[in-house]
Amino acid sequence: MATRYDPQTAEPKWREAWDEAQLFRTKSPKDAPGAPKAYVLEMFPYPSGRLHMGHVRNYAMGDVVARHKRAKGFNVLHPMGWDAFGMPAENAAMERGVHPGSWTYQNIAAMKAQFLKLGLSLDWSREFATCDPEYYGAQQALFLKLMDKGLVYRKASKVNWDPVDNTVLANEQVIDGKGWRSGAPVEQRELTQWFFRITQYAEDLLERVQKLERWPEKVRIMQANWIGRSQGALIWWPIAEAPDFLPPSPEGEPNHATDPIEVYTTRPDTLFGASFLALAPDHPLTKAIAGHRPDVAAFVKECSTMGTSEVEIEKAEKKGVDLGVSVRHPFDPDWILPVWTANFVLSSYGTGAIFGSPAGDQRDLDFARKYDLPVTPVVLPPGAEAATHSIDDEAYTGPGQIYNSRFLDGLSTQDAITSAIEELVKLGRGKATTQYRLRDWGVSRQRYWGCPIPVIHCESCGVVAVPEDQLPVQLPDDVTFDKPGNPLDRHPTWKHVDCPKCGKPARRETDTLDTFVDSSWYYARFASPEDMGERAYWLPVDQYVGGIEHAVLHLLYSRFFARAMRDVGELDLPSGEPFAGLFTQGMVTHETYKSASGQWLQPSEVEQVDGSWAEISTGAPVKPGPIEKMSKSKKNTVDPDAIIAQFGADVARWFVLSDSPPERDVEWTQAGVEGAARFAQRLWSVFDALGDLPETAPGHDAESMVVRKASHKAAASIDKAIEEFRFNSGVATIHEWVTALKKAESAPESAIGARFEGASMLARCLTPFMPHLAESCWERIGGEGFVSAAPWPVIDKVLTEDDTVTMAVQVNGKRRAEITVLKGEANDVVEAAALAEPDVASYIAGKSVKKTIVVPGRIVNIVVA
RNA sequence: GCCUCUGUGGCGGAAUUGGUAGACGCGACGGAUUCAAAAUCCGUUUCUGGCAACAGAGUGCCGGUUCGAGUCCGGCCAGGGGCACCA
């Protein structure tokens, strides 16, 4: 009598049993002698309170890898924790009056309950939240060590300032240049802030990222571009004329009236196309002039009403003001150029000053056209004529031959760069230099819910580290969020402390650390809360899994932190690379729905009737919209809890792994998840049918061999699919395998042994995907112990290989026939067989065979004329 | 604006290094089972023409390299991710 698989009873049963047996508890290195280690880590979640399908997909993928590694005999570390500091907790505090701490810990509890239902093979004994004082205390100790090592410093830097709320805004809190709550236009404001000296490692971060072979190519490219190493030149432009109001500066300080302007360029070959200099609005010379020129001051102010994000700066219209200063060309003292200030020059890159060579740079060209500055083309594109080539509204930025450039004429771009630098050096007007786009990492945040920076400001001693025995510097609990600004700063007592050095009254630092700091070393904490030996054993992470949105920042910061920790003796990891393997998975998307009145509707509120959509409650027509990333605002989310309650966790896991390649987006569909549920029953029926039969050894008759070959081929292909992160292919193979085993149910009794063998292998290959169902299947056919603890099936290579191969025969590149030949058959025999094929013969009749290409085991192409 | 990735049937996608395009799944259609339905099982399903055998076209668009291109090269178009205070 056939039975149905009931996930609602089976899933909790198995999870309890696993828990009881402590199946996923990490073994210490000494308890796993001889076993290779595998550290499998998924990016830990922000505890928003609810699990979403993106989480399910992320953690299902990591779990496939972890379970597979375990079955292959690895000693596995697969931990989980919470990235628990951040703005949403403060927003909740402002909106609902809940304390960020209790909000966060409640969310963690709720999410963990959901997590546990997924049947992930996680070791929860290592769980922590980054807002636990033990964790952020350790982070503060680390901060102080970096400070000792000179990797931490303070400098002035710009923030988005809301002048109404008197508070610092994150980029996402700036909407169309206005504060998200006050609606007031945002200003730039300079604050003294803490920085990590990530640029000290720029060269190493760049060099090694290219060698991370198990990272996606695109992430390596994005990181390399982000670091942005460039070879160029520093050029000093002597001042020709400056306004009289620029006063002589005191001894030892820059003299704006006479000091040459330093410019960085990667294109010294275009120096003869220069038509102006442009300085950043916050360049010292600009500022000095702004003090005397209202129009310049107004322009600087206008620039400071822009946000600090790069997008805004880049998209803004190119604008500037002539500063009334002029400089001499480094190659010709009689050539005088004007100096402007311009909004597209960034003070944070290079020297904050550029020379404009409009023909070879789009921004310079836009600027030159706007203010009617000269445009002299100096690079001749390949194939262009000097007499006719001209620049209109499009700059030519590519390589070519230099012209209009005196001693550089006729040189290639590359040679001209070299010659120009040589000449600059000879004249004492410049030098070659290497520049990075990467900037030091600003970590100060004027917020409450983050890790306090463990320093004290003393009027006599300056910046003093909090002594180690006073760590952690804990966040005070009694804070209010009734007004904007940093609650730590306005707390009545917290910041008032005595200086640890001189004992006089002093002030605690009230900035907290960027939450990216928390996630930059959590992988090391998981590897060992204390014991450094275990850290060395587990790291680097062998397989890291997470979203592509972290391709640059989180991953780069983590790579920096691993190096910094290594260099202060906190991590024994010579390479400084925390993640040996990286996989970036795609998002979970869903169709969106809008009611006639334009309201977003949830998938559970709509139904499809006769091909068109309608609201379930009212029957009103619904407009289906584009397929987008699941988000609360668009209401196109599906609650994992509801799916698990209806279909079980295995089906949810199966679905998110099945349809799309892991690195791409997957579209959640009701039909798809129903199909997954159907398949789970079908798979169960294979085992159910075998369960009461007597198990025998697999036979050698034809029917048995068909089954055995199918099983061994399938297992080998699933193994490979998992290794290569092609889980969707693994799923497809399991589908085919089940179909083969279903077919074998009508085979003679002699094949029962082969069916048992196949089922036993299948249960083990299924475990990484649908672990609960796999346990039930394993149990049904009398498997020993837990399938979750069973080794990966042994694959008989002989059974995975065929002795014949089917090859396509093409005539002039078009497929015309198929032939089956022995594997390894000689090319001339294959060719003869192809020519003898009747379908082929008719195509070559009356024509002469010019050439025959035989690709062994693949294809024969006959070229006729 | 800059960096980066993606584009294949009605839909999600498969296709080792350039070698039989459409595996597998969803949906649809047809059939079996059933008093009926659900569930299940079997079959068909890229498009166009044709009763069929078969022929032609076809991997976002345009062009190129090659005996052979989804795959490589050049140019476009569309969509996604990132751009340093969202995580």
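Chain A is the first sequence line, chain B the second, and so forth, proteins listed ahead of strands; every chain is numbered from 1.
- Across all strands shown, A/Lys850 has no heavy atoms under 4.0 Å from either base or sugar-phosphate atoms.
- Other residues, nucleotides and ligands contribute more than 12 heavy atoms inside 6.0 Å of the NZ atom of A/Lys742.
- In this structure, B/rG9 is classed as syn because its glycosidic torsion stays within 90° of zero.
- Paired regions of RNA chain B, where each region holds three or more successive Watson-Crick or G-U pairs whose two hydrogen-bonding distances fall under 3.5 Å, are B:1-7 with B:77-83, B:10-12 with B:24-26, B:27-32 with B:40-45, B:46-49 with B:54-57, B:60-64 with B:72-76.
- Heavy-atom contacts from other residues, nucleotides or ligands closer than 6.0 Å to CD of A/Glu95 number more than 12.
- The side chain of A/Lys814 contributes no N or O atom lying less than 4.0 Å from OP1 or OP2 of B/rG58.
- The aromatic rings of A/Tyr46 and A/Trp103 lie tilted to each other, with the angle between the two planes from 30° to 60°.
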Short N/O separations, protein against nucleotides 4-11 of chain B, under 3.5 angstrom:
from, atom 1, to, atom 2, distance (Å)
B/rG7, OP1, A/Arg664, NH2, 3.3

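- Ring to ring, A/Tyr135 and A/Trp521 are close: their centroids are under 6.0 angstrom apart.
- No donor-acceptor contact under 3.5 angstrom links the side chains of A/Ser304 and A/Lys158, judged on distance only.
- Side chains of A/Thr167 and A/Asp162: a donor-acceptor N/O pair is absent below 3.5 angstrom, by distance only.
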Please list, for nucleotides 40-48 of chain B, all pairs of protein and nucleotide N/O atoms separated by less than 3.5 Å.
from, atom 1, to, atom 2, distance (Å)
B/rC41, OP1, A/Arg682, NH1, 2.8

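- Closest to the A/Arg858 side chain, of the nucleotides B/rU17, B/rA55, B/rA15, is B/rU17.
- Between A/Trp441 and A/Phe561, the two ring planes are perpendicular [angle over 60°; tilted spans 30° to 60°].
- For the side-chain contact (heavy atoms from CB on, under 4.5 Å) test, residues two or more places apart in sequence or in another chain that qualify with A/Asn166 are A/Trp161.
- To the nearest angstrom, P of B/rC3 lies 17 Å from CD1 of A/Ile227.
- No more than 12 heavy-atom neighbours from other residues, nucleotides or ligands sit within 6.0 angstrom of NZ on A/Lys850.
- Applying a 4.0 Å cut-off to non-hydrogen atoms, the residues of residues 727-736 of chain A that approach RNA chain B are A/Asn728, A/Ala732, A/His735, A/Glu736, listed by residue number.
- When the P atom is compared between B/rC77 and B/rC62, the two are found 15 Å apart, to the nearest whole Å.
- If you measure from atom CZ of A/Arg815 to atom P of B/rA55, you get 11 Å, rounded to the nearest angstrom.
- Residues that satisfy the side-chain contact (heavy atoms from CB on, under 4.5 Å) test with A/Tyr843, not counting sequence neighbours, are A/Val811, A/Arg816.
- B/rC72 and B/rU17: their P atoms are spaced 11 Å apart (whole Å).
- Using a 4.5 Å heavy-atom cutoff, the side chains of A/Leu657 and A/Met770 are not in contact.
- Going from the P atom of B/rU59 to that of B/rA84 covers 40 Å, rounded to whole Å.
- Ring-plane geometry between A/Phe344 and A/Phe367 is classed as perpendicular, the angle between the planes exceeding 60 degrees on a 0 to 90 degree scale with a lower cut at 30.
- Across every non-hydrogen atom of A/Gln193 and A/Val159, the tightest pair is NE2-CG1, 3.2 Å.
- Among the atoms of the strands shown, none is found under 4.0 Å from any heavy atom of A/Tyr436.
- In this structure, A/Glu818 atom CD and B/rA21 atom C1' are separated by 14 Å, rounded to whole Å.
- Protein atom CD1 of A/Ile718 is 17 Å distant from nucleotide atom P of B/rA14, rounded to whole Å.
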Pick out the pairs of N or O atoms, protein on one side and nucleotides 83-87 of chain B on the other, that lie under 3.5 Å.
from, atom 1, to, atom 2, distance (Å)
B/rC83, O2', A/Glu310, OE1, 2.7
B/rA84, OP2, A/Glu310, N, 3.0
B/rA84, O5', A/Asn171, ND2, 3.4
B/rA84, N6, A/Arg437, O, 3.0
B/rA84, N1, A/Arg439, N, 3.0
B/rC85, OP2, A/Arg445, NH2, 2.8
B/rC85, O4', A/Arg445, NE, 3.2
B/rC85, O4', A/Arg445, NH2, 3.3
B/rC85, O3', A/Asn171, N, 3.2
B/rC85, O2', A/Asn171, N, 2.5
B/rC85, O2, A/Arg447, NH2, 2.5
B/rC85, N4, A/Gln193, OE1, 3.0
B/rC85, N4, A/Ser444, O, 3.4
B/rC85, N4, A/Gln446, OE1, 3.1
B/rC86, OP2, A/Asn171, N, 3.4
B/rC86, OP2, A/Glu172, N, 2.9
B/rC86, O4', A/Glu172, OE1, 3.2
B/rC86, O4', A/Glu172, OE2, 3.4
B/rA87, OP1, A/Met87, N, 3.2
B/rA87, OP2, A/Thr515, OG1, 3.3
B/rA87, O3', A/Asp83, OD2, 2.8

Each nucleotide N or O in nucleotides 67-72 of chain B that has a protein N or O under 3.5 Å away: list the pair and distance.
from, atom 1, to, atom 2, distance (Å)
B/rC67, O2', A/Asn861, ND2, 3.3
B/rC67, O2, A/Asn861, ND2, 2.5

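- Ring to ring, A/Tyr557 and A/Phe196 are not that close: their centroids are 6.0 angstrom or more apart.
- In this structure, CZ of A/Arg726 is placed 10 Å from C1' of B/rA14, rounded to the nearest angstrom.
- The environment of NZ in A/Lys823 is crowded: more than 12 heavy-atom neighbours from other residues, nucleotides or ligands sit within 6.0 Å.
- Taking atom C1' in both B/rU45 and B/rG9, one finds a spacing of 10 Å when rounded to whole Å.
- Residues satisfying the side-chain contact (heavy atoms from CB on, under 4.5 Å) criterion with A/His550, sequence neighbours excluded, are A/Met43, A/His554.
- Comparing the C1' positions of B/rG74 and B/rC85 gives a spacing of 41 Å, expressed to the nearest Å.
- As rounded to whole Å, 13 Å separates atom P of B/rG25 from atom CE of A/Met770.
- For the residue pair A/Thr515 and A/Trp449, no side-chain donor N or O sits within less than 3.5 Å of a side-chain acceptor on the partner.
- For the C1' atoms, the distance from B/rA87 to B/rG79 is 24 Å, rounded to whole Å.
- Nucleotides B/rG22 and B/rU16 are separated by 13 Å at their P atoms, to the nearest Å.
- Here the C1' atom of nucleotide B/rU16 and the CZ atom of A/Phe725 are 19 Å apart, to the nearest Å.
- B/rC24 and B/rC42 have their P atoms separated by 13 Å, with the value rounded to a whole Å.
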For a quick test of your reading: what N or O donor-acceptor pairs under 3.5 Å do the side chains of residues 851-865 of chain A make, sequence neighbours left out?
from, atom 1, to, atom 2, distance (Å)
A/Asn861, OD1, A/Gly813, N, 3.1

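- Pairs passing the salt bridge (Lys or Arg N to Asp or Glu O under 4.0 Å) check and including a residue from residues 731-740 of chain A, sequence neighbours excluded, do not occur.
- A/Tyr396 meets the ring pair (Phe, Tyr, Trp, His ring centres under 6.0 Å) test with no other residue; sequence neighbours excluded.
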